[in-house]
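Below: the structure, in C-alpha cells.
Computation of the quantities below employed the complete heavy-atom set of this structure, encompassing side-chain atoms and omitting hydrogens, waters and symmetry-equivalent molecules. Below, chains carry the letters A, B, ... as their sequence lines are ordered, and counting in each starts from 1. Quick caveat, the model's predicted, so the values are computed rather than measured.
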Amino acid sequence: MGKYYIFQDQKRCIGCYACELHCKTKNNAPEGAKLCRIVPTGPQVVKGVPRMHFVFMPCFHCEKPWCVYACPTGAMIKRAKDGIVYVKEDLCVGCKNCITACPWGVPQWNSETGKVMKCDYCKDRIDQGLEPACVTGCTTGALKFISPSEASQIKREQFAKNISPLKK
Amino acid sequence: MGTKRVYSICAMCTGRCPIVVDVNGNEVEHIWGNPYLLGGYHLCPRGAAGKALLNDTERPQTPLIRDGERGSGKWRSVSWDEALDYVADNLKNIIDKYGAKSVVLSDRGGAITEFEKTFLAAIGSPNYFNHHATCSNSIHNAHLSVAGLARNGITYDYKNCKYLVSFGRNLLESLVTGEAKSVIDMIENGGKLVQIDVRWNYTAAKADRFFLINPGTDYALALALIHVIIKDSLYDADFVKRWTVGFEELSNFVKLYTPEFAENETGIPAAEIVKLAHDVGNAKPSVIFHLGWMTAWYSNDFYLRRAICSLNALLGAYEAKGGLIINKGPEAVGKPLKSLLAQVPKPKDPRFDGCGTKYPHLSEQWGLAQELAHVLLTDEPYPVRAYIVFRHDPLASLPDPDYIRDAFSKLDLLVSIDINYSETGWFSDVILPEDTYLERTDHVIARNGPKPGYILRQAAVQRRFDTRPRWWIFKELANRLGVGQYFPYNSIEELIAWQLEGTGYKLEDFNEKGYIELVDKPIMWDRVDGLKFKTPSGKIEFISKKLEDVGIPSFIPYEKPIELKPGRFRLVTSKCALHTQGRTTLNNRLLNEYVSENHLYIHEDRAVELGIKEGDLLEVENEGEKQYIKAKLTKYIHPDVLFMLHGFGDDVPLRTRSFGKGVSDVRLQKGLVKVAIGGNCPFTECTVSVKKVK
Ligand code: SF4
Ligand code: SF4
Ligand code: SF4
C-alpha cells in the first residue's frame, strides 16, 4: 500500500477550486492541464436542503497503476519508498498511452512541453517535509494529507462527533 | 519553499487577506495565506492566482495618453514625466477656472486610501467618494444610525457563534478566505447556519436551513422576527434595557408584522419564522444576523439593514462571545498610527454629491458615486470638470454605463490609475499604471478588531513594467500642484518610519509574521458599563434622533415590492469564488480558464413555459438594451428571478481572454442610477424579459 492519502472532509469543502489553483501554480501547469480536480455532484435534497458535494480527484497513486504498465519508455514510475506515481519528464516521449490507460483521466497533456504531467503529490514538497500544495492551500482546510489507515480513523471520529448526544 | 518569504496583503479582491509570498530570485513561486493569522496557509483561488497577474502583459505597461476619441482605444505610450505633467497642467487649468471642488476622486474604498485622500484634500477638494454606493452604503449608513459604527466597525465572531442568519450574504461563495474558513469551523463546532435567499447557492448548500424567499420581501421577514422575539420575550432584557433606546416604539411598530403576515409576503411558513425566532432566542447572545455585504438591493434596503442591526441588538449579540465584537483600533491601546490625511486642513466647500447637505443623514465617508453622472449633466450644485478614478471602475460597476459614459463625456479630464485596463480607464484621457500588489509596498494599516495591531503590504518582487506605486504617483502629482509638503517622505520606508513614530515599532518588526499585534488577549468591553456605541445617546438607537431631526423616520412600514409585469423577471446577481468585483480578475489567465463567461439561471418551470432548454442562447432585454447569454436551468431559484454572475461582458479588446465573453448585468440595469434612502443604488429593482434566440 502507498504511504499517503488525501482525505477530503466533505463537511468542510465549499467547492471553491483553490486546491486546483494552488496545484496549478505550484506545478506551472499550462492552460487546460488540471493535475487535480474538484468534481461537483448534486444538488440533491437532504433533509429539505439541496446539498452539493464536491469530489476531490487527485491521482490515486494506484496499487497497480495502469498508467505505469502502459508507458513504453519507463517514464511513468511508481516510487518504491512511498508508492508515489510520477513522470520522469526526460524519459517521456509524449505518446499519451498513460492518458488513455488511466481510468480516471489523471495524466494531463502539457501543451507547452509536449510531454505528460501528473499529480505526484508534490513529491518535491513531501521530500522537504511539507504537504501537497492543494492540501496546504485549501481555503477551508478541508483536505488532509494522511496515511490510508488514518482515513477510516477520521471517518469514525467524525461519525462519533456527529451522533454525540452531548452535541447541542 | 522558495528562497525568500515575504509577508504581505493580498489584493485580488477587497478582502485583503494576509499572505506570505515565496519568492525565488525575482519570481513569485507561490502565494499562500499567512499561517499566523489564518491558522494555516489557506488562501482562496483568486489569491492563489495572483501570480498570473504579475506577469500578465495584458495590463497597462507604461503611462498612456489618449491619441484619438475617448474610448477609441488609441493610446500614446509616454514617460511618467510627460503623463504627470499632462495631468497636473490640466488639473491646474481646471482648478483656476472652476475651483478645486471641481476635481473629484473615487477609489474602491478600503484601508489603504490615505494617499489619494491626502492628495485630494491637499488641493482643496472635499470630493472623495468610493465604490460603496454599488455595494454597501445602505448597511454603512444603517449601522451608523443604529449603533454609530461603520459596517466594518465590528468583527463577526463566527467560530463561537451558535446561530448565524444570513439574508443573502453568500459567505461561502463570494468568499473571503478567513471568513469562509471560520464559518466552516462554526458549522463543525455545531453552530447553525440559516441562509435566506432568492436562489440556492453554495452557502445554502452548507446551511442547516435554507429559505427561498419571495424577492424583495426580506424586510417583512426581519420585522416578523422582531415581532416574535419581542412578543415571546426572547430578547436579552438586560442588554436591551441597558443599551438601547426606543424599545417601546419598536415593539409598537412591529405589532402589525405577525408571522402570518410575513408568511403571506415571504412565502416562508409562519411556523418556520416562529421557530427561527425561538432558535436564535435560545442561542442568544451567541448569535449573528449578518449585516450583509453587497447590499445595493432595493430602495428600502436602509430599513431592512436597520431591522437586521436591531435583531442583533435585541439578542444582545454586540460584544458577546459568538456575536458581533466591536472593533478596537491601535488608538484603543494608545498606539495610533500617524496619518498623512490628518495633517491636511479639511476643505471647506460643500460636497458635490449632497452627502451631509442634500442628504443630511448620509455619511461623507463614502459619498455617493451614483451622483457624479447627474452632477456632470446638470452642473448642479456646481460644475465638476476633472475626475480621477483610482482602482475603481464605475463603468463596470454602476448601473446603466451608457448613461454614465455620456455624462463622463462632459469631463475636461478623466484620469485612471489602475493595474488593469478598466472599462473606465479605456474611456479616460490618461492611464497611470500602478504597480501590482506584489510589486509595491503600501503604508502601514491598522488592524482593527478584538486584537488591534498593524499590518503591512510589502513588495515581493521588482516591478515588471514601467509602473509606479501609489505613494509615488500621488506625491509626484502633489509636487506638481505645489502641495508636496503634505507628502513629507522620499520613500515608502521613510513614510512607514514616520507613521510608526511613537509606537515603539519599526519596519523590521513586520519581518517575522507580517503583522504586529499590540495586545496578547482580545479586548472585550464590559457589557454592563464599557460598550461604546458612537450614537448621540451612546446606545443602540432603535429610534434615531439624528434621523428624525432631519425628517427621516426611524421605521417605515413594509411595502410590497413593485409588482412584476407579465413576462418580466427580476434580475439578481452575485459572485463566485473565482472572480471578484470590478473585473479585476476576469482576464487573469488562471481564473479565466475556470470561469470565462456567465450564464443565465432560470427556473425549470419558467424555462418550459418559454420553450427554453439548457444551453440555449437567450436574449435578455430591458428598455431596449439587449444582451445575449446561455441558459442554465435549475430547480432552486425563485420562479420570478433570473440570476447571473456579476461583472462579465468585458468591452476592452486588449484583454483578450475576457473580451466579449458573457454578459454585463449593469448594462441591463437601465434607469437605476438613483440614490435610495440608504445611499445605495437599488440594483435589484431591475426587471428584464427573456426569450430564446431563434
Ligand atoms: S494516473 Fe491513473 S492509473 Fe496512474 S496511478 Fe494515477 S489514478 Fe492510477
Ligand atoms: S480548496 Fe478546499 S474547500 Fe476549496 S474546493 Fe478545494 S478542497 Fe474544497
Ligand atoms: S479572499 Fe481571496 S482574493 Fe480576496 S483578499 Fe483573500 S485571498 Fe485575496
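For B:K51, the part lying near chain A is the side chain, with the backbone staying farther off; criterion is any non-hydrogen pair under 4.5 Å. Contacts of B:R46 with chain A are absent, with no heavy-atom separation under 4.5 Å from either backbone or side chain. Of the two parts of A:Q158, neither the backbone nor the side chain holds a non-hydrogen atom closer than 4.5 Å to a non-hydrogen atom of chain B. With a 4.5 Å cut-off on non-hydrogen atoms, A:K47 does not touch chain B at all. There is no contact between A:D124 and chain B, counting heavy-atom distances below 4.5 Å. Contact annotation for B:A52: neither backbone nor side-chain heavy atoms come within less than 4.5 Å of a heavy atom of chain A. For chain A, the nearby part of B:D208 is the backbone; its heavy atoms alone come within less than 4.5 Å. Using a 4.5 Å cut-off between heavy atoms, A:E131 makes no contact with chain B at all. Contact annotation for B:Y594: only side-chain heavy atoms (C-beta onward) come within less than 4.5 Å of a heavy atom of chain A.
Listed options B:V28, B:L172, B:I31 were ranked by heavy-atom pairs under 4.5 angstrom with chain A; first place goes to B:L172. Top candidate by heavy-atom pairs under 4.5 Å with chain A, chosen from B:G178, B:C576, B:A48, B:A577, is B:A48. Ranked by heavy-atom pairs under 4.5 Å with chain A, the first of B:T203, B:T634, B:N592, B:D185 is B:D185. Options A:K24, A:E20, A:R12, A:H53 differ in how many heavy-atom pairs under 4.5 Å they form with chain B, and the most are formed by A:R12. For chain B, the option among A:G42, A:A142, A:C13 with the highest count of heavy-atom pairs below 4.5 Å is A:C13. Of the listed residues (A:A29, A:A18, A:C138), the greatest number of heavy-atom pairs within a distance under 4.5 Å of chain B belongs to A:A18.
When only modelled atom types and interatomic distance are considered, B:N587 and B:E58 share a side-chain donor-acceptor pair under 3.5 Å.
A salt bridge links B:E272 with B:R209: the distance from a Lys NZ or Arg NE/NH1/NH2 to an Asp or Glu carboxylate oxygen falls below 4.0 Å.
Between B:T585 atom OG1 and B:L590 atom CG the span is 11.5 Å, to the nearest 0.5 Å. The distance from atom CD1 of B:I213 to atom NE2 of B:H638, rounded to the nearest 0.5 Å, is 9.0 Å.
Between B:Y41 and B:W32, the ring planes lie perpendicular to each other; the angle is over 60°, past the 30° to 60° tilted range. Using cut-offs of 30° and 60° on the angle between ring planes, the pair B:W200 and B:Y202 is perpendicular. Using a 30° and 60° split on the angle between ring planes, A:F145 and A:Y121 fall in the perpendicular class, above 60°.
Looking only at side-chain heavy atoms (C-beta outward), A:F7 and A:K155 come within less than 4.5 Å of each other.
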**Message:** Checking A:K26 against A:L35 for the side-chain contact (heavy atoms from CB on, under 4.5 Å) test, could you report, in this order, the C-alpha distance in whole Å, the side-chain angles of both residues, the deciding distance, and whether it holds?
**Reply:** CA-CA 10 Å; A:K26 147 73 178 66; A:L35 274 53; over 6 Å; no
Test side-chain contact (heavy atoms from CB on, under 4.5 Å) on A:F56 and A:V135; report intermediate values, then the result. CA-CA 11 Å; A:F56 181 68; A:V135 173; 5.9 Å; no
